[in-house]
Amino acid sequence: MADGLITGSRPSARSEVSAATPLSRVRAIVDRLPWWAQVLLIFVASRLVSTALLLGFAGAQATNPWTVSRPDYASFAKIWDGQWYYIVAQIGYPSVLPLTADGHVAQNQWAFLPVYPVVTRGLMELTGASFAPTAVFVSVLAAAATALVFSRILVRFLPAGSALFGVLLFCVAPLSPLLQVAYAESLFLLLLAVALLLLLQRRYGLMLLVLAVASFTRPGVIAFALALALHWGHRYLRRETEPFPPRERLKVAVVAVATGVFGIAWPVVAAIVTGRLDAYTATELSWRADYIGYGHLLPFTSWVQGANWWVPGGAGVVFLVVAVVLFGLFLVTPWARRLPLDLRFWVVAYVLYLLAVFFPQSSTFRVLMPIFPLLGALAVPRSKVFRVSLVAVFVVAQWIWLYYCWWVNGYDWTPP
């Protein structure tokens, strides 16, 4: 490694003298491993931590709508949205939308895109295994691959040791238990990481193929179209110092437009199958009905509604404005500016997408996972105290998130 994973410094003469200690011998062995083995070692170690936390909560879990008391790991990993993916894998999507007693569209499978349950169902057919362990296997495999791809992104702008620390942060992040449950997040993050790496490499055609698959995995690909538009504008403004020939301008523009089309493809599919133009949006809105009732999707109003719901009287809106301003300020800090501009374009585009369409509630933390490239900014400082403390905070935050959002505690209104 170019620098230490935690300390970020080269071995000193004093550390060479103490190289005979067991810890030093282990570090020496790890340092000689190829980069991919180091990444996978970090990934496996982090999964042991998250698995222990999940098993601890499973052991304390009472009977709930999805499992019996003290369920096994696979059953515990299939609760919440995992059950919806199970339904999709088993029976697919309804051609007639279910309705509530008062005639509104009820919660249904159209909110859950098909790639993850289809891949899982395919492996089930090949192996004869049941849904839950197969879904967990798909998630873990995709998460490991994401860590490898993220490493290749980070080494483009960070020293090797700092890049490894960035991978560690990804693997122990507060919501990293989601990387090993029956959710589509791992697969989507893998596709997103590959697309971002290809964008940095300017391999636009192959990137479009990846985004086409991602658009049927999780919502949010339409934000990539905006990121590509920002990429196009930046390259055009810099065309005097960095060539951006007309043919490549056209290629990037076509890919951006195609990405936008892919981003709305699933709502179109839902409309065609059900015969209802707003089938997808009406389905998504049914999840926020418990908070603010049924209504229409008006861009950039959901966060104001949510702020007023959580903290009435205008204070919630003030908090929202302050949070957005602080986030913007973070993006211009020296740490964040170490990230390639294209990664920051993606983060800005995705956050704008969320501000436009998402209603803030307990799932907010999960839908923020696609801005994981910002972990590269937190990997810039090389202080040992900072790095050890940050990892400790992340692990504690895993427990907190599992307690409030994953573990089912009676009538639980804080879904992950």
Side-chain angles (χ1 to χ4, degrees), residues 80-81 111 169-170 172-178 185 218-220 222-223 226-227 230 281 284-337 339 343-378 381 386 389-390 392-407 409 411-416:
W80 299 108
D81 288 356
L169 293 180
F170 171 78
V172 299
L175 270 68
S176 59
L178 275 173
E185 265 63 25
R218 283 280 305 152
I222 194 169
L226 175 57
L230 295 172
T281 54
E284 288 284 7
L285 290 173
S286 67
W287 262 268
R288 69 180 67 173
D290 291 338
Y291 296 90
I292 58 173
Y294 291 92
H296 298 288
L297 178 61
L298 299 175
F300 296 102
T301 62
S302 300
W303 282 80
V304 175
Q305 292 173 318
N308 285 325
W309 189 90
W310 288 101
V311 187
V317 175
V318 173
F319 178 81
L320 172 63
V321 172
V322 170
V324 171
V325 170
L326 290 177
F327 182 78
L329 291 175
F330 175 74
L331 290 178
V332 296
T333 60
W335 293 359
R337 289 174 65 183
L339 275 67
L343 295 184
R344 285 177 278 158
F345 283 159
W346 159 250
V347 169
V348 170
Y350 184 75
V351 169
L352 286 174
Y353 159 78
L354 290 184
L355 290 173
V357 304
F358 187 73
F359 179 83
Q361 27 88 7
S362 54
S363 295
T364 302
F365 306 105
R366 174 173 58 85
V367 300
L368 285 172
M369 289 181 75
I371 65 172
F372 72 93
L374 284 182
L375 292 172
L378 297 180
F386 173 83
S389 300
L390 189 57
V393 168
F394 275 18
V395 172
V396 171
Q398 285 186 46
W399 187 94
I400 295 172
W401 180 81
L402 286 168
Y403 180 85
Y404 283 103
C405 293
W406 190 263
W407 180 52
N409 186 11
Y411 180 73
D412 200 323
W413 55 280
T414 56

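The chain is numbered in sequence order, starting from 1.
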Practice task
Quick one: closest heavy-atom pair of A307 and V317, and the distance?
Solution key: CB-N, 3.7 Å
Fill in the blank from the handout: dist L343:CG -> I371:CD1 (nearest 0.5 Å) comes out at 12.5 Å
Problem - Close side-chain approach of H296 to T281, heavy-atom, < 4.5 Å - result: no
Practice task
Kindly check if the number of other-residue, nucleotide or ligand heavy atoms within 6.0 Å of CZ (F319) is above 12?
Solution key: no
Completion exercise
Residues at least two apart in sequence or cross-chain that pass side-chain hydrogen bond (donor to acceptor under 3.5 Å, both in side chains) with S363, listed by chain then number, are Q361
Exercise for the section: May I have the step-by-step check of side chain to side chain contact (heavy atoms under 4.5 Å, CB included) for V367 and F358, ending in yes or no? Expected result: CA-CA 9 Å; V367 300; F358 187 73; 3.8 Å; yes
Practice task
Measure the shortest side-chain to side-chain distance between L378 and W335 over non-hydrogen atoms and say whether it is less than 4.5 angstrom.
Solution key: yes
Problem - Neighbour count >12 (heavy atoms, 6.0 Å) for atom OH, Y404 - result: no
Handout entry: Side chain to side chain, D81 and R366, heavy atoms closer than 4.5 Å
Key = yes
Handout entry: Partner set under side-chain contact (heavy atoms from CB on, under 4.5 Å) for P416, not counting sequence neighbours
Key = W80, Y183, W401, C405, W406
Completion exercise
Rounding to 0.5 Å, atoms CD (Q398) and CD1 (I400) come to a distance of 10.5 Å
Practice task
For residues L331 and L374, determine if any side-chain heavy atom of one lies less than 4.5 Å from a side-chain heavy atom of the other.
Solution key: yes
Problem - F372 vs L175 side-chain heavy atoms within contact, under 4.5 Å - result: no
Exercise for the section: Please report the shortest heavy-atom distance between V357 and L297, naming the atom on each side. Expected result: O-CD1, 3.9 Å
Completion exercise
In terms of heavy-atom contacts, A349 and A227 come closest through CB-N, 3.7 Å
Completion exercise
Value for CD (Q305) from CD1 (I292), rounded to nearest 0.5 Å, stands at 4.0 Å
Fill in the blank from the handout: Scanning both residues in full, the closest heavy-atom pair of E284 with A111 reads OE2-O, 3.7 Å
Handout entry: L368 and L354, any side-chain heavy atoms less than 4.5 Å apart
Key = yes
Exercise for the section: Fit a plane to each ring of Y403 and W407, take the angle between them on a 0 to 90° scale, and name the class: parallel (under 30°), tilted (30 to 60°) or perpendicular (over 60°). Expected result: tilted
Handout entry: Residues which pass side-chain hydrogen bond (donor to acceptor under 3.5 Å, both in side chains) with T301, listed by chain and number, not counting sequence neighbours
Key = none
Exercise for the section: Identify the two heavy atoms, one from P360 and one from S302, that lie closest to each other, and give their separation to 0.1 Å. Expected result: CD-O, 3.6 Å
Problem - Trace of the ring-ring contact (aromatic ring centres under 6.0 Å, His included) decision for F327 with F330 - result: CA-CA 5 Å; F327 182 78; F330 175 74; 7.1 Å; no
Completion exercise
Separation between CH2 (W346) and CG (L230), nearest 0.5 Å, reads 12.0 Å
Exercise for the section: Name the orientation class of the two ring planes belonging to W309 and Y291 (parallel below 30°, tilted from 30 to 60°, perpendicular beyond 60°). Expected result: perpendicular
Handout entry: Validation row: F394, S176 side chains within 4.5 angstrom (heavy atoms)
Key = no
Completion exercise
Closest non-hydrogen contact found for A377 with L339 is N-CD1, 3.4 Å
